[in-house]
Number of protein chains: 2
Amino acid sequence: MKTTRNTTAKTAVLEVFEKSKTALSHAEIQKQLNDVCDRVTIYRILDRLVNDDIVHKISNLDGTVKYAKCNHSHQRVHIHNHAHFSCENCHEITCLDTVKPSYIMPHNYKVNEINFTLSGLCPKCLNSNI
Amino acid sequence: MKTTRNTTAKTAVLEVFEKSKTALSHAEIQKQLNDVCDRVTIYRILDRLVNDDIVHKISNLDGTVKYAKCNHSHQRVHIHNHAHFSCENCHEITCLDTVKPSYIMPHNYKVNEINFTLSGLCPKCLNSNI
DNA sequence: TATTATTTGCAACAATGTTGCGATAAAATT
DNA sequence: AATTTTATCGCAACATTGTTGCAAATAATA
């Protein structure tokens, strides 16, 4: 196992995740960081956090990529097999921790990871009659 | 309903899809088109095809975006609720038409579209022991 | 405190996607 | 078939997103 250092930039990124209830894009993280570090550094920190299983990467239907901190770090083996919801109106992405899809695969496939993203209207936007 | 014109460029793009068994990225389509039209035109054609429900857009876990022609055009209402498989080795994306996930949503969400992408090793790569 | 290995900033680059606008071509109309 | 209408195209320019190499800075370790 490699060692991943705790730098000020990494701590700052983690604090941004801590404060946010929704998944964040690189650009959103950068905006909240206010020049704590370089743009490139954020990419590298995100890469490390994903590798270390602290954050997971979500790619949206529209092609945008977001990141969210995992909130079930107590589990021994960490599998990101929960669903995400992407709101078409406010573009927020939230983890649907309770939603776990069941499916039957054809033979001869080895599944390592799954990405289950639903899109539509989130409760907040649904209530404001869009 | 709007009218979408049949241009030579659009026909050429559709032929590329017809020939391909896997989903294609914008870059892959451009390469196969051999300067039939401009790069920008391909983007616009793809947008139209997606809007017209002739092609669907798939965004992969790694952030790449691909497109595939729908092979069930006979259906009245077209819902892209089948799964896709993305191979980590050869990076091919194929439609898993037989795989339909079942799931239970929390209240207050309106689901319009779902994106279910599994990644791992496809049969072809699994057999060549990667 | 000194060492060493990771991390950072900068610069430069590559890939991807978007927009405006005049020119072109497909479809509809005469 | 010629004309009109309007979607589409090409070009140029730009914006965003992500990557790489390398010297300097910094965290962890001894």
Side-chain angles (χ1 to χ4, degrees), chain A residues 1-17 23-68 86 88 91 93 115 117 119, chain B residues 1-17 23-68 86 88 91 93 115 117 119:
Chain A
M1 199 65 161
K2 299 207 213 98
T3 51
T4 289
R5 292 186 179 172
N6 288 318
T7 64
T8 39
K10 182 180 160 187
T11 313
V13 170
L14 282 174
E15 271 172 22
V16 170
F17 277 119
L24 299 166
S25 67
H26 172 274
E28 289 164 336
I29 295 167
Q30 190 183 5
K31 198 177 289 174
Q32 288 197 49
L33 279 182
N34 262 63
D35 291 319
V36 167
C37 65
D38 194 70
R39 205 172 61 86
V40 178
T41 302
I42 301 175
Y43 277 114
R44 297 201 258 228
I45 289 172
L46 289 172
D47 281 350
R48 263 178 283 150
L49 290 177
V50 168
N51 267 317
D52 293 351
D53 255 351
I54 296 168
V55 153
H56 58 276
K57 188 175 177 177
I58 309 155
S59 65
N60 202 7
L61 266 183
D62 61 13
T64 57
V65 173
K66 300 216 176 189
Y67 300 86
S86 160
E88 289 165 358
H91 296 104
I93 296 187
N115 177 25
T117 309
S119 58
Chain B
M1 200 64 163
K2 300 208 214 100
T3 52
T4 289
R5 293 185 180 172
N6 287 318
T7 64
T8 39
K10 181 180 161 186
T11 311
V13 169
L14 282 174
E15 271 171 23
V16 170
F17 277 119
L24 300 166
S25 67
H26 172 275
E28 290 165 336
I29 295 167
Q30 189 183 5
K31 197 177 290 176
Q32 289 197 46
L33 279 182
N34 262 62
D35 291 318
V36 168
C37 65
D38 195 70
R39 205 172 61 87
V40 178
T41 302
I42 302 175
Y43 278 114
R44 298 200 257 228
I45 289 173
L46 289 172
D47 281 350
R48 261 178 285 148
L49 290 176
V50 168
N51 267 318
D52 293 352
D53 255 350
I54 296 169
V55 153
H56 59 276
K57 188 175 176 177
I58 309 155
S59 65
N60 202 6
L61 267 182
D62 61 13
T64 57
V65 173
K66 300 216 174 187
Y67 300 86
S86 159
E88 289 164 358
H91 296 104
I93 297 187
N115 176 26
T117 309
S119 57

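Everything numeric here is computed off the predicted structure, so don't read it as measured data. Chain A is the first sequence line, chain B the second, and so forth, proteins listed ahead of strands; every chain is numbered from 1.
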Result for side chain to side chain donor-acceptor pair (under 3.5 Å) between A:Ser86 and one of A:Thr117, A:Asn60, A:Thr64 points to A:Asn60
By nearest-nucleotide position on DNA chain C, the 5'-leaning member of B:Ser25 and A:Arg48 is A:Arg48
With heavy-atom distances below 4.5 Å as the criterion, would you say the side chains of A:Ile54 and A:Arg48 are in contact? no
*Do the side chains of B:Leu49 and B:Leu14 get nearer than 4.5 Å, heavy atoms only?*
yes
Separation of [X] atom [atom1] from [N] atom [atom2], in whole Å?
X       : N      : atom1 : atom2 : result
B:His91 : C:dA15 : NE2   : C1'   : 16 Å
A:Asp38 : C:dC13 : CG    : C1'   : 15 Å
A:Ile29 : D:dG18 : CD1   : C1'   : 14 Å
A:Ile42 : D:dT19 : CD1   : C1'   : 15 Å
A:Glu28 : D:dT16 : CD    : C1'   : 14 Å
B:Lys66 : C:dG17 : NZ    : P     : 12 Å
A:Leu46 : D:dT17 : CG    : C1'   : 13 Å
B:Ile45 : D:dA7  : CD1   : C1'   : 12 Å

Residue set satisfying salt bridge (Lys or Arg N to Asp or Glu O under 4.0 Å) with B:Glu88, at least two apart, ordered chain then number -> none
Shortest non-hydrogen pair, B:Val16 vs B:Gln32, comes out as CG1-OE1, 3.7 Å
For A:Leu33 and A:Ala12 the tightest heavy-atom approach is CD2-CB, 3.7 Å
Counting primed atoms, P, OP1 and OP2 as sugar-phosphate and everything else as base, the B/S/- map of nucleotides 18-30 of chain C against protein heavy atoms under 4.0 Å is BBB----BBS---
